[in-house]
Amino acid sequence: QVQLVESGGGLVQAGGSLSLSCAASGRTFSSYAMGWFRQAPGKEREFVAAISRSGGSTYYADSVKGRFTISRDNYKNTVYLHMNSLNSEDTAVYYCAANWAGSSWRNVAYWGQGTQVTVSS
């Protein structure tokens, strides 16, 4: 069992930056690939970024590539999402996710409760 707690959401102006954190409980954090998803009002939850267990591999949705950076610290049991050049389309609730290595992100093992990111134009 893994519990995920996101933090760092808030209100930011368009063009600005924001960093999210997700702290995981348990001593098996490094066993999980970690990811970030988001859900905008009236839309389905979508994949944003993912990082492998070691942090050596990262993956991004085309919509955030070059603007967002996912990273992790296995000593602190924390995964991060650094977001730059934010625009109104990035407004959403952002969810942290943990998954078994090699599993599809279509079936996430554990979800956080979400943190709101609002980009004002």
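Because only heavy atoms are used, hydrogens play no part in the values below, and waters and symmetry mates are left out as well, while side chains stay in.
Looking at every heavy atom in both residues, Trp105 comes nearest to Ala33 through CH2-O, 3.5 Å. Between Ser85 and Ser17, the closest heavy-atom pair is N-OG, 4.5 Å. Summarising the geometry of Ala40 relative to Ala92, their closest heavy-atom pair is N-CB, 3.8 Å, with the distance given to 0.1 Å.
Counted within 6.0 Å of CD on Glu46, heavy atoms from surrounding residues, nucleotides or ligands total more than 12; the atom is thus considered enclosed. No more than 12 heavy atoms of other residues, nucleotides or ligands lie within 6.0 Å of CD in Gln3, so this atom counts as exposed by the packing criterion. No more than 12 heavy atoms of other residues, nucleotides or ligands shown are found within 6.0 angstrom of CZ on Arg53.
Looking at Arg45, its side chain never comes within 3.5 Å of a backbone N or O of Val93 through a donor-acceptor pair. A donor-acceptor pair under 3.5 Å is formed between the side chain of Glu6 and the backbone N or O of Gln113. In this structure, Asn77 contributes its side chain and Ala23 its backbone to no donor-acceptor pair below 3.5 Å. For Arg72 (side chain) and Gly55 (main-chain N/O), no donor-acceptor pair under 3.5 Å exists by modelled atom type.
Residue pairs that meet the disulfide bond (SG atoms under 2.5 Å apart) test with at least one member in residues 29-71, sequence neighbours left out, do not exist here. Annotation: disulfide bond (SG atoms under 2.5 Å apart) contacts involving residues 28-81, sequence neighbours excluded, are absent. Residue pairs satisfying the disulfide bond (SG atoms under 2.5 Å apart) criterion with at least one member in residues 16-117, sequence neighbours excluded, are listed as follows: Cys22-Cys96.
When the options Tyr59, Phe37, Tyr95 are evaluated for a ring pair (Phe, Tyr, Trp, His ring centres under 6.0 Å) with Phe47, the one that passes is Phe37.
Lys43 is linked by a side chain to side chain donor-acceptor pair (under 3.5 Å) to nothing, counting only residues two or more places apart in sequence or in another chain. Remark: Ser54 engages no residue in a side chain to side chain donor-acceptor pair (under 3.5 Å) (not counting sequence neighbours).
Using a 4.5 Å heavy-atom cutoff, the side chains of Arg38 and Ser63 are in contact.
Atom OG1 of Thr58 is separated from atom NZ of Lys65 by 9.5 Å, given to the nearest 0.5 angstrom. Going from atom OG1 of Thr118 over to atom CG of Asp90 covers 11.0 Å, rounded to the nearest 0.5 Å. Taking OG1 of Thr69 as the start and OH of Tyr80 as the end, the distance is 14.0 Å to the nearest 0.5 Å. Atoms CD and CG, from Gln116 and Leu11 in turn, are 9.5 Å apart once rounded to the nearest 0.5 Å. With rounding to the nearest 0.5 angstrom, the OG atom of Ser21 is 7.5 Å from the NE2 atom of His82.
In the hydrophobic clustering (ILVMFWY side chains linked at under 4.5 Å, chained through shared members), Tyr60 is joined by Val2, Leu4, Val12, Leu18, Leu20, Phe29, Tyr32, Met34, Trp36, Val48, Ile51, Val64, Phe68, Ile70, Val79, Leu81, Met83, Leu86, Tyr94, Trp100, Tyr110, Val117, Val119.
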